[in-house]
Amino acid sequence: MKPGIPKGTRDFNPDQVNKRNYIFDTIKKVFIKYGYQPIETPTMENLSTLTGKYGDEGDQLLFKVLNNGDFLGKADIMALDTRDSNKLIPSISKRGLRYDLTVPFARYVVMYQNDISFPFKRYQIQPVWRADRPQKGRYQEFYQCDVDVVGSDSLVYEAELTQIYDEVFNELKLPVLIKVNNRKILAGIAEVAGISERFAAMTVAIDKLDKIGLEGVKKELANRRISDEAIQQIVNILEVKNLEDLKPLLETSETGRKGIAELEEVFQYLDDYQAANEITFDITLARGLNYYTGCIFEVSAKDVEMGSIGGGGRYDDLTGVFGLKDVSGVGVSFGAERIYDVMEELGLFPQDDAVNLKLLFLSFDEKSFLYAWKQLVKVRAAGINAEIYPEPVKMKKQMKYANSREVQYVSIVGSQEMESGQLSLKDMATGEQEMMTIDEIIEKLK
RNA sequence: GUGCCUAUAGUUCAGUUGGUUAGAACGCUAGAUUGUGGUUCUAGAGGUCGCCGGUUCAAAUCCGGUUAGGCACCCCA
């Protein structure tokens, strides 16, 4: 049979895994520094936990896991007869693959509410699955790196998460633009324009601004049954570049004023912080997801054509559906896959010696192979990444392997070396070769 | 869910208006080279042209279907 993997999934070769780990490790390090703790949740959740949380579109994209055993024997006969897939699902599938990390986190918080102390600060780096049609930069299996704090209304966390963004991308040497807005400001705009009931439609349209331009947004708004008069008002407000200018325009909306005040407080917390990246208020930032209720964030890479590489915001009632009311949370997510692509494009991955092979032993015959093997044990004991070619075959073949492994040094062992007790150490980059004792080699490569 | 494109060697791809035994590069194996790699030269292995059917004297090539993959939209990271 021909080997293959399911569409929308990927294999990662050693080089790719090392680079991905570099991103994950950098992110993790910053999370930990800011006092966040790791949790992990199962790959599968009960389908009832997942369905209904992501809208109708989202439900369609959930991967369902077929029940074990005689699932057809317990299937809904009516649904089966009428070929009604949606109606059939509950009777043959009770589990699904997690669609994101936020809903499982909300479930976790509710289940362990008596064991955790609030504010609860957690981070989570795990794969999620979506039965979407894959395309460039979009997969059916991909990693999310989420960091959230629940159980506090304090806006210092908004400031803290902004700093986390700044610090992570600074560590990665990836210049970004961090955009901040507040859902309440958007709600205020809708209120002022007299279309509060079309708020969700408005945000979806505004969210597309950098993709389809101002004219596109106008068209989109019109398509969503918003009057020309309201559209003109919305567009006027969207021209505003800073919070001061916005104040008079949202004077009449209490929600709008609250949103401005919140952002001012966040920026006040950021006053003394020396940011490496640009942090800016962007009134056109909307975020499609409708569970956000306060501040919202989005990060995009500078100098590269790529969608957002991170986003998040505050949600006032995430745990409500699981029966725990009035627990506010705020969190952001890092789009690891896109960060990877951007860093690859800009050539930002550093050479990481810690994961590479440093020394490879080559040998000419059975005797010298055994001798080299014993030296290898000593080198490894000293903590040096080392290996031996498993057979004393032709030197050309062994050297070829050394090249393909991109090993830094090789030590070629034969009768001369065994007699003198000195080993040859060849620098593969320069081709230079010198004779030294095993202890000297260890000292040099340490 | 909607639209468009692609499918030929392990990989990336050529393949003329349909015409004899389907090619290249890289990779792989071996030799030039019995203690030393990247370069070079030589030789070799490797393909039911995604699958099914149709048109034709003749199909990798044209047509229909099917399956798989990619891209864009929707939505999203």
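No hydrogens, no waters, no symmetry mates; every other heavy atom, side chains included, goes into these values. Naming convention: chains lettered A, B, ... in sequence-line order (proteins, then strands); numbering from 1 in each chain.
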| Between A/Arg122 and A/Gln124: side-chain donor-acceptor atoms closer than 3.5 Å | yes

| query | Which pairs pass ring pair (Phe, Tyr, Trp, His ring centres under 6.0 Å) with one or both residues in residues 152-187 of chain A, sequence neighbours excluded? | reply | A/Tyr165-A/Phe334, A/Phe169-A/Phe334

| request: Check the pair A/Leu174 / A/Ile309 against side-chain contact (heavy atoms from CB on, under 4.5 Å), numbers first and verdict last. | output: CA-CA 11 Å; A/Leu174 175 60; A/Ile309 55 177; 4.1 Å; yes

Check: protein-nucleotides 30-32 of chain B nitrogen or oxygen pairs below 3.5 Å:
from  : atom 1 : to       : atom 2 : distance (Å)
B/G31 : OP1    : A/Lys394 : NZ     : 2.9
B/G31 : OP2    : A/Lys394 : NZ     : 2.2
B/A32 : N6     : A/Lys396 : NZ     : 3.4

| Heavy atoms under 4.0 Å, any strand shown: does A/Ser308 hit a base, just sugar-phosphate, or nothing? | sugar-phosphate

| query | If the P atom of B/A45 is compared with that of B/G23, how far apart are they to the nearest Å? | reply | 13 Å

| Which residue lies toward the 5' end of RNA chain B, A/Gly311 or A/Met399, if each is placed at its nearest nucleotide? | A/Met399

| task | Answer with yes or no whether the side chains of A/Asn181 and A/Tyr292 bring together a donor and an acceptor at under 3.5 Å. | result | no

| message | Can you confirm whether the side chains of A/Tyr36 and A/Glu160 place a donor and an acceptor under 3.5 Å from each other? | response | yes

| request: Mind jotting down which residue pairs meet the ring pair (Phe, Tyr, Trp, His ring centres under 6.0 Å) criterion with at least one end in residues 11-30 of chain A? Sequence neighbours excluded, please. | output: A/Phe24-A/Tyr143

| Whole-angstrom distance between B/C26 and B/U66, as gauged at atom P | 41 Å

Listed pairs under 3.5 Å, donor-acceptor, residues 395-402 of chain A side chains, sequence neighbours left out:
from     : atom 1 : to       : atom 2 : distance (Å)
A/Gln398 : OE1    : A/Ser363 : N      : 3.3
A/Gln398 : NE2    : A/Ser363 : O      : 2.8
A/Gln398 : NE2    : A/Val393 : O      : 2.6
A/Tyr401 : OH     : A/Glu387 : OE2    : 3.0
A/Tyr401 : OH     : A/Arg405 : NH1    : 3.1

| field | A/Asp15 bridged to A/Lys19 by N-O distance under 4.0 Å | value | yes

| query | In whole Å, what is the span from the CZ atom of A/Arg405 to the C1' atom of B/G38? | reply | 17 Å

| query | In whole Å, what separates the P atom of B/C4 from that of B/G64? | reply | 13 Å

| request: Using the P atom as the reference point in each nucleotide, state the distance between B/U29 and B/A68 in Å, no decimals. | output: 35 Å

| query | Under 4.0 angstrom, heavy atoms only, what part of the nucleic acid is A/Gln60 near: base, sugar-phosphate, or nothing? | reply | nothing

| query | Choosing from B/U36, B/A77, B/C28, which nucleotide comes nearest the side chain of A/Met395? | reply | B/U36

| query | What nucleic acid atoms does A/Glu298 come within less than 4.0 Å of, heavy atoms only: base, sugar-phosphate, or nothing? | reply | nothing

| note | Which of B/C74, B/C76, B/U36 is nearest the side chain of A/Lys426? It is B/U36

| query | When A/Val176 is tested against each of A/Val168, A/Val299, A/Ile339, A/Ile279 for side-chain contact (heavy atoms from CB on, under 4.5 Å), which residue passes? | reply | A/Val299

| message | Using a 4.0 Å heavy-atom cut-off, does A/Asp100 contact any base of the nucleic acid, only the sugar-phosphate backbone, or nothing at all? | response | nothing

| query | A/Phe364 stacking on B/G35: centroids under 5.5 Å, ring planes under 30°? | reply | no

| task | For B/U20 versus B/C13, give the span between their P atoms, rounded off to a whole number of Å. | result | 26 Å

| said: When the C1' atoms of B/A25 and B/C71 are compared, how many Å lie between them, rounded to an integer? | reply: 27 Å

| request: Please state the P separation for the pair B/U39 and B/A77 - nearest whole angstrom. | output: 45 Å

| message | Can you see whether A/Glu417 engages A/Tyr371 through a side-chain donor-acceptor pair at a distance of less than 3.5 angstrom? | response | no

| query | Counting a pair only when it is Watson-Crick or G-U and both distances are under 3.5 Å, which runs of at least 3 such pairs involve RNA chain B? | reply | B:1-7 with B:67-73, B:10-13 with B:23-26, B:28-32 with B:40-44, B:50-54 with B:62-66

| N-O pairing of A/Glu171 and A/Lys33 below 4.0 Å | no

Taking only nitrogen or oxygen atoms into account, show me every contact under 3.5 Å that the protein makes with nucleotides 69-72 of chain B, one pair per line with its distance.
from  : atom 1 : to       : atom 2 : distance (Å)
B/G69 : OP1    : A/Lys7   : N      : 3.3
B/C71 : OP1    : A/Lys136 : N      : 3.2
B/C71 : OP2    : A/Lys136 : N      : 3.3
B/A72 : OP2    : A/Gln135 : OE1    : 3.1
B/A72 : OP2    : A/Lys136 : N      : 3.3

| task | Can you tell me, in whole Å, how much space there is between the C1' of B/U6 and that of B/G44? | result | 33 Å

| field | Residue pair A/Phe369, A/Tyr389: steps toward the ring pair (Phe, Tyr, Trp, His ring centres under 6.0 Å) verdict | value | CA-CA 9 Å; A/Phe369 172 79; A/Tyr389 195 86; 9.1 Å; no

